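Convention: sequence-line order gives letters A, B, ...; per-chain numbering from 1. All values reported here derive from a predicted model rather than from experimental measurement.
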Number of protein chains: 2
Amino acid sequence: MRTTDTLAPPITVPAGTVLFRAGQDCTGFVVVRDGVVRVTLTGESGREIVLYRVAPGDICLQTFGCLVDGTPYAAQGVAETALTIEILPPARFHALVAQDADFRARLFGAVARRFADMERLVEEVALTGIPARLARALLRLADGGAQVDVTHETLASEIGSAREVVSRQLSVWARGGLIESGRGHLGLTNPAALRQIAEAG
Amino acid sequence: MRTTDTLAPPITVPAGTVLFRAGQDCTGFVVVRDGVVRVTLTGESGREIVLYRVAPGDICLQTFGCLVDGTPYAAQGVAETALTIEILPPARFHALVAQDADFRARLFGAVARRFADMERLVEEVALTGIPARLARALLRLADGGAQVDVTHETLASEIGSAREVVSRQLSVWARGGLIESGRGHLGLTNPAALRQIAEAG
DNA sequence: CGGTTTGCGTGACCATGTCACAGACCGACT
DNA sequence: AGTCGGTCTGTGACATGGTCACGCAAACCG
């Protein structure tokens, strides 16, 4: 597979680094080699929502709009873990698109995934209730395990809601024995029930 | 500009035709030559929200995910006006991407626009109040004019809310002299005030 | 050990969404 | 004209979700 090739000199950045902010111009095309980038949107009220995550081998699409038609970013990107990334200058990007079928395939795959992510997100935010959204977020973050280390605040931004709302829902579930709750971490005592709630729309 | 070239035999379809539904497989790549396609998402409750519109010269991206990684549509596409479209079979699509720089530019432009649309939508649905969303929708649909022919129901799906909510907000504005309201149509009596509300986040 | 920061719980209140139903308007047909 | 059925709109009552204003407890740190 060409997809493991190096396209540009790798750069490492520590977790927590802000890669780009809303309204900023873009420097180049970002390819994630290792680590995860969290892309979020922040409203005027300060409330935040996670749009999607960019995984290794993936291509960050925020840069895309910039490069194609000069629109500045609307979102913010933060290194969720330590990262190794490559940055392609615009000319190199266009050359690769024209010449490299593998690069095109990766690019289009990334576009399709981001697009599906965004549709799912709109569906959830606009048409799905808090219990289902929160249950999905918990199961997603737990990733098969029974322990999740997050604050209510983080969960709230994950589902685009407010901390108080998350706290209330979690305490209901804790009383019902679905979860165990502690400062900064949660235990999923009854993941089956959570899955059920997550399905329910 | 190559963008006015014909890529495939044009097909005409009447307004109201459903081009694709959620969960369906895709037939090919749709390029809109004339008319507007409205792409919407429908929740289990039956509530609907407009994701974006595909304008002439534009490329419908719902087909994109299908062609690239086989994901079926999540959304539904309806001909909002009578349409003239072209449908590219997958092989032709891939050939054009590889060989035609103009086609690539159009494709990327469409991707960037759709992406910006979706981000705006998430921002509105998740972080923006009803008055601002509704005012924006009105101004957008009025398109500079002072008259809009829509039902409250349609406006509701435009902003991803419920008819009653729209009705209530509109009657407040009607009492305040910002709009005049009739069955199936609205007059924007004070567009400046609406613009103000639209800005307010 | 005190002080500070951060995370959590909670009640009151406002904004939105849902449900149920009534009335108004419109077109089609006698 | 009348009236009938369908669509559109108005409205009250209630459920859910978001905001604000707190107080308290756990972790952190000198």
Here the distance between atom P of D:dG17 and atom CD1 of B:Ile130, to the nearest Å, is 15 Å

Exercise for review: Give one of base, sugar-phosphate or nothing for A:Gly46, where a contact means two heavy atoms less than 4.0 Å apart.
Suggested key: nothing

Judged by nearest nucleotide, the residue sitting upstream toward the 5' end of DNA chain D, A:Val165 or B:Val150, is B:Val150

Quick note, A:Arg183 side chain, CB onward, closest among D:dA25, C:dG17, C:dT16 is D:dA25

Using 30° and 60° as the class boundaries, would you call the ring planes of B:Phe93 and B:Phe103 parallel, tilted or perpendicular?
perpendicular

Nearest heavy-atom approach of A:Leu51 to A:Ala75 is CD1-CB, 3.9 Å

Please determine whether a side-chain nitrogen or oxygen atom of B:Thr151 lies at a distance below 4.0 Å from atom OP1 or OP2 of D:dT7. no

query = Is a salt bridge present between A:Glu158 and A:Arg53, judged by a nitrogen-to-oxygen distance below 4.0 Å?
reply = yes

From CG of A:Asp149 across to C1' of D:dA26 the rounded distance in Å is 16 Å

Between CZ of B:Arg163 and P of D:dT11 the distance, given in whole Å, is 11 Å

Looking across every strand, which nucleic acid part, if any, lies under 4.0 Å from A:Ser161 by heavy atom: base, sugar-phosphate, or nothing? sugar-phosphate

Discussion item. side-chain contact (heavy atoms from CB on, under 4.5 Å) for A:Phe108 and B:Leu107? Distances and angles first, verdict last.
Written reply: CA-CA 11 Å; A:Phe108 289 0; B:Leu107 178 63; 3.9 Å; yes

Taken to the nearest whole Å, CD/A:Glu153 to P/C:dT5 is 17 Å

Rounded to whole Å, the CG-C1' distance (A:Leu134 to D:dG17) equals 13 Å

**Asked** Just to confirm, is there a sub-4.0 Å distance from OP1 or OP2 of D:dT9 to any side-chain nitrogen or oxygen of B:Ser171?
**Response** no

note: A:Glu180, atom CD; C:dC8, atom P; distance rounded to Å ~ 15 Å

Taken to the nearest whole Å, CG/A:Leu127 to P/C:dT16 is 17 Å

DNA chain C nearest-nucleotide lookup for A:Arg168 and B:Glu164: closer to the 5′ end is A:Arg168

To the nearest angstrom, the CG-P distance between A:Leu155 and C:dG7 comes to 12 Å

> Below 4.0 angstrom, N of the basic side chain to O of the carboxylate: do B:Arg195 and B:Glu199 qualify?
Replying inline: no

Does a nitrogen or oxygen in the side chain of A:His152 sit under 4.0 Å from OP1 or OP2 of C:dC8? yes

